Amino acid sequence: MKLANGISQEQATHALSYASHSLITEGFDVTNEDQKFVLSVLTGEQTEAQFHQAIKLKFNV
C-alpha cells in the first residue's frame with residue numbers, strides 16, 4: 001500500500017528506524033513520541049507545515 005507521499009508504510013517505518021538510530025548514535029534522544037510524530041508526517045496524517053510548526057514550538061525557535 002502506497003501512502004499519500006508515494007512511499008509504502010514499510011519504507012516509512014524503515015526510514016524512520018534508520019534515522020532514529022543515526023540520531024541516537026550522535027547523542028540525540030529520540031522518543032517514541034518523536035517517532036510517532038514523524039511517522040504521522042510520512043504517512044500523510046499531518047502536513048509538513050504542521051511538522052515545522054510543531055518543531056518551532058517544541059524548540060522555541
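The structure displayed is predicted, hence computed values, not measured ones.
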Audit row: S40, K36, side chain to side chain contact (heavy atoms under 4.5 Å, CB included) steps and yes/no: CA-CA 6 Å; S40 75; K36 287 179 185 178; over 6 Å; no

Derivation and outcome, side chain to side chain contact (heavy atoms under 4.5 Å, CB included), residues T43 and Q9: CA-CA 7 Å; T43 60; Q9 179 75 33; 3.5 Å; yes

Nearest atoms (heavy-atom pairs only) where L16 meets Q35: CD2-O, 3.2 Å

Contact summary for F37 and Q50, nearest pair of heavy atoms: CZ-O, 4.2 Å

Polar contact flag, side-chain donor to acceptor under 3.5 angstrom, E10-H14: no

Distance in Å, L42 CG paired with F51 CZ, rounded so as to fall on 0.5 Å steps: 9.0 Å

Interatomic spacing from OG1 in T31 to CG in D34 - rounded to 0.5 Å: 3.0 Å

Cluster link L57 to V38, ILVMFWY, side chain under 4.5 Å: no

Donor-acceptor under 3.5 Å (S17 side chain, T13 main chain): no

Same apolar cluster: L39 and L23, side chain cutoff 4.5 Å: no

